[in-house]
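Here the structure is a predicted model, which is why all the values come from computation and not from measurement. Proteins get letters first, then strands, A, B, ... in listed order; numbering begins at 1 in each.
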Amino acid sequence: MAYNHNVPENCRLFILVGKGIKEDAFREAFGKYGKIEDVWVVKDRRSNEDKGVVYITFSKASEAALAMQEMNGRVVPGHPKPIKVLIANSKRDGSVRDPHEDEKILRLFLIIPKSMSEDELRREFEQYGDIDYATILRDKNNGESKGFGYVKFFRPYHAALALENCDRSFKPKFAEPKMPRGDRDNDYEMDYQYSRETRPPGPFFRGPDRGPDRGPDRGPDRHERGTKRGFSEYSGRDDYHDDGPPRSRFSHGPVVGEGPMEMIQNYANSGCQRLHVTAPLGLTQQYLTRLFSLIPGLEYCDLNEATGIAYARYTTPQCAAYAKDKLDGFEYPLGSRLIVRFADVPNVPDLKTASAMNFENYGIPGSSLERDECDTIRKAALILEKAGINPDRVLASDNSVERVTYCNILLPLPKPLSPEDSSLAQRLFIVCQPAAVPERILRDAFCRFGDLIDVYLLSGRNYGYAKYASKECAMKAISVLHGQSIAGQRLKVLEAEPPKDENRREGRDRHDSHSE
DNA sequence: CGACGGGACGC
DNA sequence: CGACGGGACGC
């Protein structure tokens with residue numbers, strides 16, 4: 001399936017280059033940010049000359065957004081001019097520029113439990129990055145939640161991370177822009193011009209981790225401000241890079257002959273030595289500590305394996321900033337990314353620099369690290385893995401099962417989900433006793449038997465359903481999971497009774513024909 | 001005992 | 001500096 005219309009949204013980059021495009025150089029430069037699905041160098045139909053445009057499709061929106069953030073304005077080897085990198089419009093939208101196009105990559109539409117407040121919503125999502133606003137739609141008359149709302153980030157990368165990693169019960173989607181296409185509004189038009197030309201201080205220039213200290217301009221108008229400010233700014237590398245100057249080498253462009261020490265020293269003092277880490281389920285204390293100790297100056301790294309939340313502390317703020325920059329978004333295991341944030345509200349920066357440290361002591365082979373620390377750390381992780389320093393997901397000689405921290409028994413390895421529109425073969429009824437289990441854990445457990453379409457608990461309840469596209473997989477899930485303990489809760493897994501109020505048609509051979 | 005989910009932004 | 005190919009549904 002090399003060609004697939006069902007690629008996730010916002011996975012494709014639109015890159016402006018000059019002529020003489022070398023595809024391999026682009027694969028090389030962009031490949032480190034994720035899995036590249038397609039590279040297309042656009043050529044003129046007749047002359048076969050480059051049109052100066054490259055499209056790169058990644059497997060995930062977060063990879064594309066990270067690549068944009070890191071590569072925009074950079075020079076690709078063999079190409080004289082700095083490139084411009086944007087998230088591509090969908091093919092359907094063509095080259096139309098929407099005055100609200102930033103909302104397509106910064107704002108999520110979410111299904112939200114009716115009991116959840118906007119503050120809770122914000123707290124839930126700020127683990128993925130700085131939030132512009134979090135709104136819940138309410139009934140005009142009684143103020144009750146309508147069960148959905150929006151969260152807008154300042155950076156496409158953070159929005160994509162939230163989309164991919166938040167609890168699936170939020171059913172996250174990139175929000176459609178508020179106004180219909182072509183419905184011009186003069187205020188927005190003016191703001192658009194203004195923000196592009198002069199770029200006043202605004203949300204984009206706030207530090208990422210200022211906590212509640214967001215300045216005096218935070219108030220009831222923040223929704224409005226957030227909507228207007230800085231839109232269409234996402235393409236500038238300054239706009240979406242996390243930290244103020246001095247920057248990492250990523251935002252400086254290629255740095256030659258600058259060693260890791262200098263690089264760490266050049267990091268802005270965030271005033272924060274402690275990092276908050278969201279780790280994928282199943283990652284172990286030992287593995288995480290090894291990973292974070294690859295960055296010099298680690299004091300400790302404490303992981304709560306039940307929640308996947310860890311705190312790591314470094315000897316200097318610069319080291320912490322460096323670790324955050326290098327490990328945030330680090331993908332391990334495949335498909336899961338670490339999320340690394342400053343744990344504390346940074347103080348006013350001072351100019352202390354990192355004390356002398358030596359990468360050579362950290363056992364990274366070929367640890368010159370001058371070209372690409374991310375890549376080196378990846379390699380180091382692979383080496384650790386080969387050396388058996390591994391999350392203990394994989395246990396025993398039997399490669400078909402593994403130990404996961406949330407469950408009392410060994411489980412089969414995770415398997416991909418079936419598409420949401422798969423036809424339902426078997427439904428299971430699930431009870432968690434005495435209390436509910438987070439859906440991400442249920443999902444991780446129930447997907448392991450294959451062909452899982454969806455698993456969810458009814459909101460505010462400790463029971464729910466799992467839907468499978470194959471009966472065998474569903475029955476296997478019952479046989480393995482029923483009676484076991486997951487995240488400290490006893491699990492009941494039964495075949496579900498048919499839905500209560502369903503107009504039943506007993507027609508045997510009437511299978512769902514997909515529409516459209 | 002424990003039985004059936006939610007969906008687009010006041011102008 | 002600003003926008004769309006090749007491939008192709010089904011044994």
Side-chain angles (χ1 to χ4, degrees), chain A residues 1-6 12-19 38-45 48 50-57 73 80-97 100-101 103 107-116 133 135-141 145-152 168-180 183 185 187 223-224 227 232 235 427-436 439 454-467 490-502 514 516:
Chain A
M1 251 192 240
Y3 185 68
N4 181 5
H5 281 290
N6 293 326
R12 197 170 60 131
L13 297 179
F14 171 58
I15 305 166
L16 291 145
V17 212
K19 313 275 175 176
D38 187 37
V39 176
W40 170 27
V41 177
V42 180
K43 299 199 187 279
D44 184 273
R45 266 245 169 69
N48 205 35
D50 288 352
K51 291 179 88 171
V53 167
V54 180
Y55 290 98
I56 297 181
T57 306
K81 289 196 298 185
I83 60 176
K84 188 167 178 177
V85 186
L86 303 100
I87 305 290
N89 279 350
S90 71
K91 282 193 175 182
R92 194 198 54 147
D93 292 347
S95 59
V96 177
R97 298 188 63 178
H100 297 275
E101 60 192 356
E103 296 190 342
R107 200 171 70 128
L108 302 182
F109 174 72
L110 304 162
I111 301 302
I112 299 159
K114 291 219 166 53
S115 59
M116 188 177 257
Y133 61 77
T135 53
I136 292 174
L137 276 81
R138 295 181 182 282
D139 186 284
K140 293 161 214 159
N141 302 319
S145 166
K146 291 165 94 169
F148 63 90
Y150 299 91
V151 170
K152 190 176 179 197
R168 299 340 277 165
S169 62
F170 285 111
K171 290 282 150 83
K173 291 187 167 140
F174 285 107
E176 291 298 322
K178 194 173 194 171
M179 298 286 209
D183 186 0
D185 178 297
D187 285 352
H223 183 295
E224 197 58 14
T227 303
S232 290
S235 59
R427 229 163 46 113
L428 304 182
F429 180 57
I430 302 166
V431 186
C432 309
Q433 286 170 322
E439 272 180 23
D454 192 17
V455 56
Y456 61 94
L457 300 183
L458 300 191
S459 81
R461 298 284 144 92
N462 66 331
Y463 52 85
Y465 298 88
K467 300 199 239 179
R490 180 73 69 181
L491 208 59
K492 285 187 181 180
V493 186
L494 321 165
E495 291 185 62
E497 297 297 329
K500 194 163 70 178
D501 182 20
E502 198 78 13
H514 54 272
E516 203 178 351

So for A/Lys43 and C/dG5, does any side-chain atom that can act as donor or acceptor lie under 3.5 Å from a complementary atom in the base? no

Kindly confirm whether the side-chain ring of A/Trp40 is stacked on the base of C/dG5, judged by centres under 5.5 Å and planes under 30°. yes

Please report the distance, rounded to the nearest Å, between NZ in A/Lys51 and C1' in C/dA3. 8 Å

Between A/Asp454 and A/Phe429, which is nearer to the 5' end of DNA chain B once each is assigned its nearest nucleotide? A/Phe429

Between A/Leu16 and A/Val39, which is nearer to the 5' end of DNA chain C once each is assigned its nearest nucleotide? A/Leu16

Any donor-acceptor pair under 3.5 Å from A/Arg490 side chain to A/Pro434 backbone: no

Looking across every strand, which nucleic acid part, if any, lies under 4.0 Å from A/Gly94 by heavy atom: base, sugar-phosphate, or nothing? base

Using the benzene-type ring in the case of Trp, are the ring centres of A/Phe14 and A/Tyr55 under 6.0 Å apart? yes

Of the candidate nucleotides B/dC9, B/dG2, C/dG6, which contains the atom at the shortest distance from the side chain of A/Arg107? B/dC9

I'd like to know if A/Lys146 reaches the base of B/dG10 with its side chain such that a donor and an acceptor end up less than 3.5 angstrom apart. no

What nucleic acid atoms does A/Phe148 come within less than 4.0 Å of, heavy atoms only: base, sugar-phosphate, or nothing? sugar-phosphate

So do the side chains of A/Lys467 and A/Tyr456 get within less than 4.5 Å of each other, counting heavy atoms only? yes

Within the 4.0 Å heavy-atom criterion, would you say A/Arg427 contacts the bases, only the backbone, or no part of the nucleic acid? base

Would you mind classifying the nucleic acid contact of A/Asn141 as base, sugar-phosphate or nothing, using non-hydrogen atoms under 4.0 angstrom? nothing

Upstream residue (5' side of DNA chain C) when A/Arg12 and A/Lys81 are each assigned their closest nucleotide: A/Lys81

With a 4.0 Å cut-off on heavy atoms, is A/Leu494 in touch with a base, just the backbone sugar-phosphate, or nothing at all? base

Taking atom types as they are modelled, would you say the side chain of A/Lys171 forms a donor-acceptor pair with the base of B/dG7 within the 3.5 Å cutoff? no

Taking atom types as they are modelled, is there a donor-acceptor pair under 3.5 Å from the base of B/dG5 to the side chain of A/Lys114? no

Within the modelled atom types, does a donor on one side and an acceptor on the other bring the side chain of A/Arg461 and the base of B/dC4 under 3.5 Å apart? no

From CD1 of A/Ile83 across to C1' of C/dG2 the rounded distance in Å is 14 Å

So what does A/Ser145 touch, heavy atoms closer than 4.0 Å: a base, only the sugar-phosphate, or nothing? nothing

hbond_proxy A/Asp38 side chain to C/dG5 base (donor-acceptor, 3.5 Å cutoff): yes

Shortest non-hydrogen contact from A/Arg461 toward A/Ala436: O-CB, 3.7 Å

Below 4.0 angstrom, N of the basic side chain to O of the carboxylate: do A/Lys171 and A/Asp454 qualify? yes

Is A/Tyr465 stacked on the base of B/dA3, meaning ring centres closer than 5.5 Å and planes within 30 degrees of each other? no

Considering every strand and a 4.0 Å limit on heavy-atom distances, what is the contact class for A/Pro82: base, sugar-phosphate, or nothing? base

